[in-house]
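Every chain is numbered from 1, with letters handed out A, B, ... down the list of sequences.
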Protein chains: 2
Amino acid sequence: MGITERKEREKAEMKRLIMDAARRLFVEQGFEKTSIRNIADEIEYSPGTIYLYYKDKSELLFDLHQESFQKLIEQFQRVLNIRDPFERLTTMGRYYMQYGFENPELYELMFLMSSPIETIECREEIWEDGHVAFEMLRQIVRECIEAGYFKIDDVEGTSMMIWATVHGLVTIHLRKRTTMFREDERIPRLEHAYERFVELIKGKI
Amino acid sequence: MGITERKEREKAEMKRLIMDAARRLFVEQGFEKTSIRNIADEIEYSPGTIYLYYKDKSELLFDLHQESFQKLIEQFQRVLNIRDPFERLTTMGRYYMQYGFENPELYELMFLMSSPIETIECREEIWEDGHVAFEMLRQIVRECIEAGYFKIDDVEGTSMMIWATVHGLVTIHLRKRTTMFREDERIPRLEHAYERFVELIKGKI
DNA sequence: AAATAAAATGAACGGTGTTCAGTAAAACAA
DNA sequence: TTGTTTTACTGAACACCGTTCATTTTATTT
């Protein structure tokens with residue numbers, strides 16, 4: 001049945017076409033300002049067509065959501081060859097922040113948007129990649145404890161706290177709550193705060 | 001000129017009427033789902049009337065923004081009678097998180113929404129209250145350093161890091177990125193992570 | 001009481017996400 | 001090849017949104 005195969009392939013290609021256009025527009029001009037009609041224009045199809053491939057706008061966002069987590073996980077994997085677990089942990093944090101600063105719209109989608117979540121509450125599998133990423137953090141924290149870097153055996157609480165800190169720093173920047181600093185000093189200040197955090201947990205947790 | 005006075009009073013009352021309705025609806029059903037028409041219905045006026053008192057939806061949000069910061073600052077003031085600066089600092093953090101958990105929509109407006117910011121970039125005074133709140137944090141950190149709790153003299157970096165952590169914890173919850181935990185365990189887990197953070201900075205910074 | 005000024009209206013504009021009857025193209029059956 | 005069925009696509013229409021503005025209602029002044 002070569003025909004059904006081709007059909008499937010074409011369907012996948014169309015989804016990709018839509019997703020690529022959506023990503024381009026989202027990254028360029030943000031989620032709020034990108035409409036289904038914009039995406040339809042971009043790929044030279046009618047708005048209705050998009051609904052033949054995606055149930056609604058949320059589902060479209062979710063494909064991007066997943067893709068974005070894959071990208072973050074890729075970044076995290078760059079860290080796996082670092083021997084020392086503490087060094088590995090802190091570098092991971094730096095990559096996390098870098099990812100957020102460099103891909104604001106994707107970070108928004110992954111950690112800041114509420115709309116995709118609401119529609120999807122039933123589909124728990126959506127968080128699989130998110131959980132994978134968090135498990136990577138937990139694993140490293142575990143190793144730090146085993147290696148004696150952290151004195152208290154609390155993987156869960158420590159991981160959560162570390163995530164909250166880097167996430168907080170990224171979010172403060174993405175939502176432009178840094179007006180107390182000069183524009184060109186904002187990211188450096190946040191990076192500095194992170195280094196303060198690293199010093200803090202260094203051998204003292 | 002009793003009449004102009006009354007007019008002014010009436011204008012202020014009308015603004016208050018609109019704001020109260022807006023707050024009620026926002027807190028009840030969120031910002032996204034509250035439209036100008038909803039607010040107009042609630043106060044039994046036509047949609048156009050609202051635009052006689054508020055330039056646009058952003059300006060309405062900003063009045064609420066300011067009010068919400070006042071409320072947070074009030075919470076912070078409850079802490080001022082605590083003698084020990086470290087105890088004062090950590091209690092402030094607890095109040096901050098509590099405020100976020102109990103007033104999700106207001107917290108959203110203060111720290112998470114992007115729409116009000118964009119429209120207002122010119123009006124720097126909007127951040128005055130935000131800066132006041134942050135300055136309260138800085139002041140306490142300063143006192144902690146003076147009292148010898150923190151060894152490194154870096155008010156800015158330390159304050160930023162502390163804010164980022166509590167803000168991160170609140171945000172993770174508000175944006176429902178805690179699906180790895182059972183529903184009734186989510187807030188306790190975040191509070192636990194905060195206590196881990198407190199232990200971390202206790203005499204070790 | 002008439003003229004003027006202020007306040008409130010609600011239809012209209014251009015936008016949004018989404019649906020669906022209708023059309024065009026492709027696949028299948030004869 | 002022709003006719004029929006299945007599939008793909010269209011674009012007008014629906015109900016909403018924030019916002020504007022000519023018009024009407026209400027209040028104040030002359």
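- Look at A/E10 and A/R6 and you find a salt bridge, because one of the NZ, NE, NH1 or NH2 atoms lies within 4.0 Å of a carboxylate O, short of that distance.
- Partners of A/E42 under the side chain to side chain donor-acceptor pair (under 3.5 Å) rule, at least two apart in sequence or in another chain, are A/R24.
- Residues passing the ring-ring contact (aromatic ring centres under 6.0 Å, His included) test with B/Y107 are B/Y96, B/F111, B/H167, sequence neighbours excluded.
- Rounded to whole Å, the distance from OH on A/Y54 to P on D/dA8 is 15 Å.
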The contact string for nucleotides 14-23 of chain D, one letter per nucleotide 5' to 3', using protein heavy atoms under 4.0 Å with B, S and - for base, sugar-phosphate only and none, comes out as ---BBBB---

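- For the residue pair A/R94/A/Y194, the side-chain donor-acceptor check at 3.5 Å is not satisfied.
- Contacts classified as ring-ring contact (aromatic ring centres under 6.0 Å, His included) and involving residues 171-192 of chain A (residues at least two apart or in different chains) are given here: A/F101-A/H173.
- For the pair A/E32 CD and C/dT16 C1', the computed distance is 12 Å after rounding to whole Å.
- In this structure, the helix from C/dA1-D/dT30 to C/dC28-D/dG3 shows an angle of 30° between the axis at its start and the axis at its end, each fitted on 5 base pairs and rounded to 10°.
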Going 5' to 3' through nucleotides 24-30 of chain D and flagging B where a protein heavy-atom sits under 4.0 Å of the base, S where only the sugar-phosphate is that close, and - otherwise, we get ----SS-

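- Partners of B/Q77 under the side chain to side chain donor-acceptor pair (under 3.5 Å) rule, at least two apart in sequence or in another chain, do not exist in this structure.
- Residues forming a side chain to side chain donor-acceptor pair (under 3.5 Å) with B/E185 (at least two apart in sequence, or on another chain): B/R189.
- B/D154 pairs by the salt bridge (Lys or Arg N to Asp or Glu O under 4.0 Å) definition with A/R196, not counting sequence neighbours.
- The separation between A/E59 atom CD and C/dG17 atom P is 16 Å, rounded to whole Å.
- Residue A/D41 contributes atom CG, which lies 13 Å from atom C1' of D/dG11 at whole-angstrom precision.
- What separates CG of B/L52 from P of C/dA5 is a distance of 18 Å, to the nearest Å.
- Judged as a ring-ring contact (aromatic ring centres under 6.0 Å, His included), and not counting sequence neighbours, B/Y45 has no contacts.
- Atoms CG (A/L25) and P (C/dG17) sit 12 Å apart, rounded to a whole Å.
- C/dC20 atom P lies 18 Å from atom CD1 of A/I50, rounded to whole Å.
- We find that CD1 of A/I18 is positioned 12 Å from C1' of D/dC9, with the value rounded to whole Å.
- With sequence neighbours excluded, the residues satisfying side chain to side chain donor-acceptor pair (under 3.5 Å) with A/D84 are A/Y149.
- Listed by first and then second residue, the side-chain hydrogen bond (donor to acceptor under 3.5 Å, both in side chains) pairs involving residues 12-22 of chain B are B/D20-B/R23 (not counting sequence neighbours).
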